[in-house]
Each structure stands twice: as C-alpha cells, then as structure tokens.
Amino acid sequence: MPVVTNFSDLDLTKQYTYADYLLWQFSERVELIRGFIKKMSPAPNRFHQVVSQNLSGLFYNSFRKHPCDVYVAPFDVRLPIKSKKKDTTVVQPDICVVCDKSKLDDAGCNGAPELMIEILSPTNSKHDLDTKFKLYEEAGVLEYWIIEPVEKMILVYTLVNEKYIGLPPQTEGENIQSPLFPDLKVAIIDIFEND
C-alpha cells in the first residue's frame, strides 16, 4: 500500500493492519479497531484538556520515582487482540501507564499497558464505554479508568480472571486509590480542578 495523504482515499469498509496505519500521513486522528478505522474527534474540548492535564501532573508526581512510565495522548498502543490478522488494533488512550519496558519501542507501546485512562466527551462516550472497555479487557489491560467530566465521576475497573470488575463509582469529595498501584492515591477534586 502506498503512502496515503488524504483520509478520504481510505475505504472505511476495508480492514487494515498496523503496517497500513504507518503509511497514513493525513491530519485526521484515527484509531484502528480490529482492523477497521475509527475516526477520532478533531481536538478534545477544553474540559477534557483540563482533566487530562490535571491527571498527567498527578500521575507524574506519583510515578516519577517508580519504574513505570506514564504516557499521554497522542501515543499509539498496539493491543494484542485475537484476530485472523495480527496488528489490527491501535488505540490512543488519553493516559496510560506502562511498567513492562520491553513493550516500548520508538512507535509507542506494543502490548497491553498496565493502566489505561479514557476521558469521556460527547462524541466518544459509547466508544470508550463499550468498544474500548471490551478491547482493553480482551487485551489484558489490568486496570481501566473511565473519567466522566460532566458528572465529575470516575469508574475504575480491574481485571480479575480475564473479566473487568468495577469498583463503586468515585465522585467529587472522595479519594481514589488504584487497586493495581496502592501508592497512587488521588483526590477527585484535584482531577477536576480548574474546569
């Protein structure tokens, strides 16, 4: 496949691989879900950005002396999803934590990060709550946080016997503690500060 410079030149009914994805040189942001293209929002809204910035700062402080690395979108994560074709799922989580450095390469992360975070926006809620939930569960992401900025709520799921188990929703006024990283304690109010 030659280099593609216009998104409109792609066939959205066709399945693609990571090798194809690397040849796309257009401005639109996309993810590859089981080989199919999912166009992302052009740019997150201001509230999304505030929450992402706040979380990034909090995570930086928590993980700066920890052997795990924190990455913020845009950052490609190639997930190991069972498929007839290999390398057919590439996502860009809002934030992820990678502890197994062997998964990191110059292109991003090749394998499931330990922790993935998605911040909901009106255009991506179903994708993050359903599609990515199932993908992350299947890929073996050990912990998945879903941030709901309007309601100022966080849903935390941990992988137990290959299935996600949800903790009670965390809301403003509470503190969240990661089951996977017990030293990671965050006040919910700090996540939504300045929104």
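Side chains included, hydrogens not; waters and symmetry mates left out as well; all remaining heavy atoms used.
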Inset, instruction - Locate the shortest heavy-atom distance separating Leu79 from Gly111; write the atom from each residue and the value. - result: CD2-O, 4.3 Å
Inset, instruction - Report yes if the side chains of Asp69 and Lys101 come closer than 4.5 Å at any heavy-atom pair, otherwise no. - result: yes
Legend entry - 4.5 Å side-chain heavy-atom contact, Gln25 and Val3: yes
Legend entry - Lys/Arg-Asp/Glu bridge criterion (N-O < 4.0 Å) met for Arg78, Asp105: yes
Legend entry - Point-to-point distance, once rounded to the nearest 0.5 Å, from OH of Tyr144 to NZ of Lys132: 6.5 Å
Inset, instruction - If the plane angle is over 60° it's perpendicular, under 30° parallel, otherwise tilted; pick one for Phe63 and Phe181. - result: perpendicular
Inset, instruction - Kindly indicate whether the side chain of Asp183, heavy atoms from C-beta on, has any atom under 4.5 Å from the side chain of Ser62. - result: no
Inset, instruction - With side-chain contact (heavy atoms from CB on, under 4.5 Å) as the test, would you mind laying out the steps for Val141 and Leu159 before giving the verdict? - result: CA-CA 7 Å; Val141 175; Leu159 199 63; over 6 Å; no
Inset, instruction - Verify, without hydrogens or angle tests, whether Thr158 (side chain) and Glu143 (backbone) share a donor-acceptor contact under 3.5 angstrom. - result: no
Inset, instruction - Look up atom CE in Met153 and atom OG1 in Thr171, then write down how far apart they are to the nearest 0.5 Å. - result: 8.5 Å
Legend entry - Shortest non-hydrogen contact from Ala112 toward Pro80: N-CD, 3.9 Å
Inset, instruction - Verify, without hydrogens or angle tests, whether Glu137 (side chain) and Tyr164 (backbone) share a donor-acceptor contact under 3.5 angstrom. - result: yes
Legend entry - Pro93 versus Met116, closest heavy-atom pair with distance: CG-SD, 3.7 Å
Legend entry - Separation of Ile154 CD1 from Ile188 CD1 (nearest 0.5 Å): 3.5 Å
Inset, instruction - Indicate, with yes or no, if Val30 and Leu12 share a hydrophobic cluster defined by side-chain heavy-atom contacts under 4.5 Å among Ile, Leu, Val, Met, Phe, Trp and Tyr. - result: yes
Inset, instruction - Please report the closest heavy-atom contact between Ser56 and Val72, naming both atoms and the distance. - result: OG-CG2, 3.3 Å
Inset, instruction - Drop me the distance from Ser121's OG to Asp128's CG, to the nearest 0.5 angstrom. - result: 7.5 Å
Legend entry - Side chain Glu31, main chain Gln92, donor-acceptor under 3.5 Å: yes
Legend entry - Within-4.5 Å side-chain heavy-atom neighbours: Ser178 and Trp145: yes
Inset, instruction - With the side chain counted from C-beta on, respond yes when Tyr71 and Leu104 share a heavy-atom pair under 4.5 Å apart, and no when they do not. - result: yes
Legend entry - Ile147 side, atom CD1; Ile117 side, atom CD1 - distance, nearest 0.5 Å: 5.5 Å
Legend entry - Sidechain-backbone polar pair: Asn54 side chain, Val51 backbone, donor-acceptor under 3.5 Å: no
Inset, instruction - Indicate the atoms forming the closest heavy-atom contact of Tyr21 with Asp76, along with that distance. - result: OH-OD1, 2.8 Å
Inset, instruction - Evaluate whether atom CZ of Phe36 has more than 12 neighbouring non-hydrogen atoms of other residues, nucleotides or ligands under 6.0 angstrom away. - result: yes
Legend entry - Minimum side-chain heavy-atom gap Val97-Pro113 below 4.5 Å: no
Legend entry - Main-chain N/O of Ala19 paired with Asp87 side-chain donor or acceptor, under 3.5 Å: no
Inset, instruction - Please test Ser52 against Gln49 for side chain to side chain donor-acceptor pair (under 3.5 Å), starting from the C-alpha separation and ending with a verdict. - result: CA-CA 5 Å; Ser52 180; Gln49 291 294 82; 5.0 Å; no
Inset, instruction - Kindly indicate whether the side chain of Leu184, heavy atoms from C-beta on, has any atom under 4.5 Å from the side chain of Phe59. - result: yes
Inset, instruction - Please report the C-alpha distance between Trp24 and Val4 in whole Å, then the side-chain angles of each, then the deciding distance to 0.1 Å, and finally whether the side-chain contact (heavy atoms from CB on, under 4.5 Å) criterion is met. - result: CA-CA 5 Å; Trp24 300 340; Val4 178; 3.8 Å; yes
Inset, instruction - Check for a donor-acceptor pair, side chain of Glu172 on one end and backbone N or O of Lys152 on the other, with a separation under 3.5 Å. - result: no
Legend entry - Thr88/Gln15 under side-chain contact (heavy atoms from CB on, under 4.5 Å): CA gap, chis, key distance, verdict: CA-CA 8 Å; Thr88 60; Gln15 281 189 289; 5.7 Å; no
Legend entry - Same apolar cluster: Ile165 and Leu115, side chain cutoff 4.5 Å: no
Legend entry - pair His48-Asp94: side-chain heavy atoms closer than 4.5 Å: yes
Legend entry - Path from Leu23 to Tyr16 over hydrophobic side-chain contacts below 4.5 Å: yes
Legend entry - From CA spacing to verdict: disulfide (SG to SG under 2.5 Å), Cys109, Cys96: CA-CA 10 Å; Cys109 180; Cys96 67; over 6 Å; no
Legend entry - Neighbour count >12 (heavy atoms, 6.0 Å) for atom CD1, Ile189: no
Inset, instruction - For the residue pair Asn110 and Tyr18, confirm or rule out a side-chain donor-acceptor distance under 3.5 Å. - result: no
Inset, instruction - Would you kindly confirm whether Tyr60 and Val186 end up in one hydrophobic cluster when ILVMFWY residues are joined by side chain heavy atoms under 4.5 Å apart? - result: no
Legend entry - Trace of the side-chain contact (heavy atoms from CB on, under 4.5 Å) decision for Lys103 with Val77: CA-CA 10 Å; Lys103 294 178 182 177; Val77 175; over 6 Å; no
Inset, instruction - Give, for atom CG of Leu155 and atom CG of Leu129, the distance between the pair rounded to the nearest 0.5 Å. - result: 7.5 Å
Legend entry - CD (Gln53) with more than 12 external heavy atoms under 6.0 Å: no
Inset, instruction - Tell me whether Val150 is reachable from Ile146 by hopping between hydrophobic residues (I, L, V, M, F, W, Y) whose side-chain heavy atoms are closer than 4.5 Å. - result: no
